[in-house]
Amino acid sequence: MCGIVGYIGGGSAKRIIIDGLKRLEYRGYDSSGIALAANGRIAVEKTVGRIAALEDRMAGMDLDGHAGIGHTRWATHGAPSDANAHPHTSADGEIAIVHNGIIENYLELREWLSGEHGVPFRSETDSEVVAHLIRLYYEGDLLDAVFRAVGRMRGAYAIGAMAASEPDRIVAVRKDAPLIAGLGEDCNFLASDIPALLKYARTIYLLENNETVLVTRNEVSIFNERREKVKRDVYHVTWDADAAEKGGHDHFMIKEIYEQPKGISDTMGRRLGADGGIRLDGISLARRELERIERVYIVACGTAYHAGLVGKYAIERLAGMPVEVDVASEFRYREPFVNDRTLFICISQSGETLDTLEALREAKRRGARALSVVNVVGSSVARESDDVFYTWAGPEIAVASTKAYTTQLVCMYLLALYMGRELGRLGDGEYARLVDELGRAPGRIESILAQEKRVQEIAKKIYRSEQVFFIGRGPDASVALEGSLKLKEISYINSFAIAAGELKHGTIALIEQDTLVIALATQSRLAGKLLSNIEEVKARGARVISLAMEGDANVERQSDETIFIPRCADEVAPLLAVVPLQLLAYHIAKLRGCDIDKPKNLAKSVTVE
Ligand code: M6R
């Protein structure tokens with residue numbers, strides 16, 4: 001996720017900004033850069049790769065100043081590269097900016113700036129328009145130019161700007177992206193996040209939406225949209241650096257669980273038009289192309305594979321197309337029926353999982369059209385695919401994948417709905433109903449997160465178990481696999497997931513007095529059948545914890561404990577159902593004293609076979 005650090009004062013801007021950027025490294029980034037005001041100009045250094053690479057680059061240079069802005073970039077528009085890294089500058093070098101967020105009307109602005117004003121563009125980013133726009137309005141007053149430029153922009157942004165002619169000022173503005181100003185002694189700061197400043201400033205101003213801030217060595221002034229000065233109480237940070245990186249949470253995993261409503265909104269927001277239509281980021285899948293497709297293959301590993309299983313239900317049910325799902329390490333060594341009439345979808349958070357990458361290469365060798373659902377922009381899977389449909393979960397740091405899974409589900413639903421509508425297999429009413437259901441998911445997940453205490457209480461009762469069975473039917477069977485994986489990877493409990501109907505074909509032999517069974521019962525269509533499975537295991541003495549739709553008294557009656565999720569359409573229930581299971585796994589692992597963010601034997605990105 002992008003990060004911003006700004007400094008103005010008597011010290012070395014270079015040292016302080018680089019130090020601040022390092023404190024944001026945990027958030028993930030692919031490039032970094034710094035702009036320093038010195039000797040009547042703004043010097044910019046930026047590079048793809050780690051901050052250490054930026055430091056190496058600057059090592060031999062006699063480059064420093066008393067004011068500057070720095071940035072870590074997590075690519076969205078344009079691959080990770082030196083040119084796309086921030087800061088961006090105006091053509092004459094007068095203005096330098098750093099930007100977090102997305103300028104939604106950047107194409108329009110870019111055309112206008114280059115067409116009407118002959119502005120040359122040097123990057124593929126949306127952010128570069130900001131530098132040129134501010135320059136266009138700059139007449140010696142940076143604050144005024146930023147106000148005027150912002151009036152032309154749509155989207156989400158936190159922007160820091162400097163002008164070579166005013167080395168004693170930094171101007172910043174925010175809308176739907178965090179920004180803070182820190183108060184130091186004989187110096188002041190700007191940052192996107194508290195951890196960047198902790199070493200230097202614990203007294204800060206939290207900026208609100210549509211506010212602009214003017215930062216000088218001795219003063220920080222905040223203005224509203226009408227350019228009026230606003231008074232803001234200072235906020236005193238009491239967190240330590242470690243807690244601050246985790247946003248006050250104990251672990252990245254729980255932070256990322258809580259980030260799901262936002263990740264889902266971001267992933268949907270860019271694709272769902274006000275007219276209810278779905279835009280596939282320019283991916284061409286018109287009816288004619290879809291009708292040529294005989295089969296869809298979804299291939300992935302681990303959690304991403306589980307998202308693919310839910311995707312299969314969605315595409316088969318909503319688009320009426322046959323779908324095969326496979327784990328990448330198996331797909332590669334089979335003789336899959338893949339040809340030029342196959343739509344091959346691979347799913348990967350990191351985009352670097354070797355098995356997935358090799359499966360993608362194999363599918364392409366066989367002539368398939370390859371579409372990837374990936375979180376990391378510019379990753380290998382993204383680069384080698386014909387089309388990319390990004391999840392916008394932001395960087396996922398915990399090894400146990402959570403927000404990547406739910407955003408992957410959103411992508412699968414959007415693809416399925418789009419295909420179903422394009423192929424005429426989904427009526428307008430049903431399409432609108434499911435789009436509406438998707439739109440409600442973030443709010444419903446918030447209400448599940450509000451039940452964390454209840455889940456924690458249940459975790460206290462069961463955390464000593466050494467064996468757990470997850471059961472479910474239909475999409476719940478896939479969510480059961482994900483719930484089970486989450487639990488085993490961070491708590492080391494021997495956990496096993498099975499389609500509930502399969503129990504009686506063997507696994508039920510293992511159910512005895514006090515065996516823990518987690519039953520997923522969110523599918524109204526299959527409620528009666530699942531209830532029978534709960535009864536089967538209860539009859540053998542199992543302790544049953546169920547997950548059910550709000551108000552399902554039958555399941556509640558049959559279970560020892562029930563966690564409810566808000567009522568929703570069966571099709572989208574996996575988006576909600578997984579959240580209590582993530583929370584349960586987290587709290588069980590915590591009670592067992594496990595190293596939650598770095599479970600033993602596991603790596604975040606598996607780049608070996
Ligand atoms: O980066 P990817 O999505 O390709 O990673 C796939 C799996 O390695 C990953 O989902 C893994 O199973 C996680 N540890 C699950 O929490």
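Using a 4.5 Å heavy-atom threshold, the side chains of V572 and L438 count as touching. Taking 4.5 Å as the limit, every side-chain heavy atom of V388 sits out of range of all side-chain heavy atoms of L371. Between I103 and T125, the closest side-chain pair of non-hydrogen atoms is not below 4.5 Å. At a threshold of 4.5 Å between non-hydrogen side-chain atoms, the residues E437 and R444 count as touching. Side chains of L24 and I4 form no contact here, defined as non-hydrogen atoms less than 4.5 Å apart. Contact annotation: the side chain of I347 approaches that of M412 to within less than 4.5 Å [non-hydrogen atoms, C-beta and beyond]. Proximity of D56 to T47: side-chain heavy atoms (C-beta onward) are nowhere separated by under 4.5 Å. Taking the side chain as every heavy atom from C-beta outward, E108 and R154 approach each other to under 4.5 Å.
Between D186 and R217 there is a salt bridge, since a side-chain N of the basic residue sits under 4.0 Å from a carboxylate O of the acidic one. Using a 4.0 Å cut-off between charged nitrogen and carboxylate oxygen, E45 and K14 do not count as a salt-bridge pair. Electrostatic pairing of K403 and D266 does not count as a salt bridge here, judged by no charged N lying under 4.0 Å from a carboxylate O. One finds a salt bridge joining D340 and R292 here, because a Lys/Arg side-chain nitrogen approaches an Asp/Glu carboxylate oxygen to under 4.0 Å.
Remark: R271 qualifies as a cation-pi partner of F389 under the 6.0 Å distance and 45° angle criteria applied to the six-membered ring. The cationic group of R421 lies under 6.0 Å from the six-membered ring centre of Y431 and within 45° of the ring axis, placing it in a cation-pi geometry.
Between the side chains of E211 and Y205, no donor-acceptor pair is found at a separation under 3.5 Å. Between the side chains of N209 and R174, at least one donor-acceptor pair of N or O atoms lies under 3.5 Å. With no hydrogens or angles considered, a side-chain donor-acceptor pair links E128 and S123 at under 3.5 Å. If you check the side chains of H66 and D168, you find no donor sitting under 3.5 Å from an acceptor. A donor-acceptor pair shorter than 3.5 Å can be found between the side chains of S165 and E94. Looking only at atom types and distance, the side chain of N218 has no donor-acceptor partner in the side chain of T216 under 3.5 Å away. With 3.5 Å as the limit, one finds no donor-acceptor pair spanning the side chains of Q260 and T402.
In this structure, N39 places its CG atom where only 12 or fewer heavy-atom neighbours from other residues, nucleotides or ligands lie under 6.0 Å away. For R440, the CZ atom counts as loosely surrounded, since its 6.0 Å shell holds 12 or fewer non-hydrogen atoms of other residues, nucleotides or ligands. Atom CZ of R288 has 12 or fewer heavy atoms from other residues, nucleotides or ligands within 6.0 Å. Within 6.0 Å of the CD atom in E185, the count of heavy atoms belonging to other residues, nucleotides or ligands does not exceed 12.
Although no hydrogens or angles enter the test, the distance criterion places no donor-acceptor pair under 3.5 Å between the side chain of N100 and the main chain of A158. No side-chain donor-acceptor contact under 3.5 Å links N188 to the backbone of V215. For the pair E256 (side chain) and S401 (backbone), a donor-acceptor distance under 3.5 Å is absent. Checked by atom type and distance alone, the side chain of D30 never pairs as donor or acceptor with a backbone atom of A79 at under 3.5 Å. Without hydrogens or angle criteria, Q349 side chain to A404 main chain gives no donor-acceptor distance under 3.5 Å. Panel note: side chain T391, backbone V374; a donor-acceptor pair is recorded below 3.5 Å. A donor-acceptor distance shorter than 3.5 angstrom exists from the side chain of S350 to the backbone of E352, with no hydrogens or angles considered. Remark: side-chain polar atoms of K175 are paired, donor with acceptor, to backbone N or O of G155 under 3.5 angstrom. When atom types are taken as modelled, the side chain of D82 and the backbone of V48 share a donor-acceptor pair closer than 3.5 angstrom. A donor-acceptor contact shorter than 3.5 Å is absent between the side chain of Y413 and the backbone of L434.
Screening Y106, F121, Y390 for a ring pair (Phe, Tyr, Trp, His ring centres under 6.0 Å) involving H77 leaves a single residue, Y106.
Looking at every heavy atom in both residues, R73 comes nearest to H86 through CD-CD2, 3.8 Å. Between N375 and W74, the shortest heavy-atom contact is O-CZ2, 3.7 Å. Taking every heavy atom of both residues into account, A164 and R41 meet most closely at CB-CA, 4.0 Å. Nearest heavy-atom pair across A37 and P167 is CB-CB, 3.9 Å.
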Can R227 and D144 be said to form a salt bridge (charged side-chain N to carboxylate O under 4.0 Å, His left out), step by step? CA-CA 9 Å; R227 304 192 182 200; D144 174 65; 2.7 Å; yes
Candidate pair R169 and D141, rule salt bridge (charged side-chain N to carboxylate O under 4.0 Å, His left out), full reasoning: CA-CA 10 Å; R169 308 170 107 193; D141 181 351; 3.2 Å; yes
If you apply the rule side chain to side chain contact (heavy atoms under 4.5 Å, CB included), what do you find for F223 with V146, and how did you get there? CA-CA 12 Å; F223 301 87; V146 168; over 6 Å; no
Apply side chain to side chain donor-acceptor pair (under 3.5 Å) to residues T267 and T407 and explain how you reach the verdict. CA-CA 6 Å; T267 303; T407 53; 4.7 Å; no
One pair to check against side chain to side chain contact (heavy atoms under 4.5 Å, CB included): L272 and L414. What are the steps and the verdict? CA-CA 9 Å; L272 275 180; L414 291 175; 4.2 Å; yes
Verdict with reasoning, D19 to Y200, per side chain to side chain contact (heavy atoms under 4.5 Å, CB included): CA-CA 10 Å; D19 191 47; Y200 304 99; 2.7 Å; yes
Steps toward salt bridge (charged side-chain N to carboxylate O under 4.0 Å, His left out) verdict (D193, R23): CA-CA 10 Å; D193 305 84; R23 313 227 162 235; over 6 Å; no
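Expressed to the nearest 0.5 Å, how far OG of S32 lies from NE2 of H71 amounts to 10.0 Å. Atom-to-atom distance recorded for L183:CG and R202:CZ is 14.0 Å, nearest 0.5 angstrom. Note that OH of Y235 and OG1 of T203 are 11.5 Å apart. Values are rounded to the nearest 0.5 Å. A distance of 9.5 Å separates CG of L179 from OG1 of T212, quoted to the nearest 0.5 Å.
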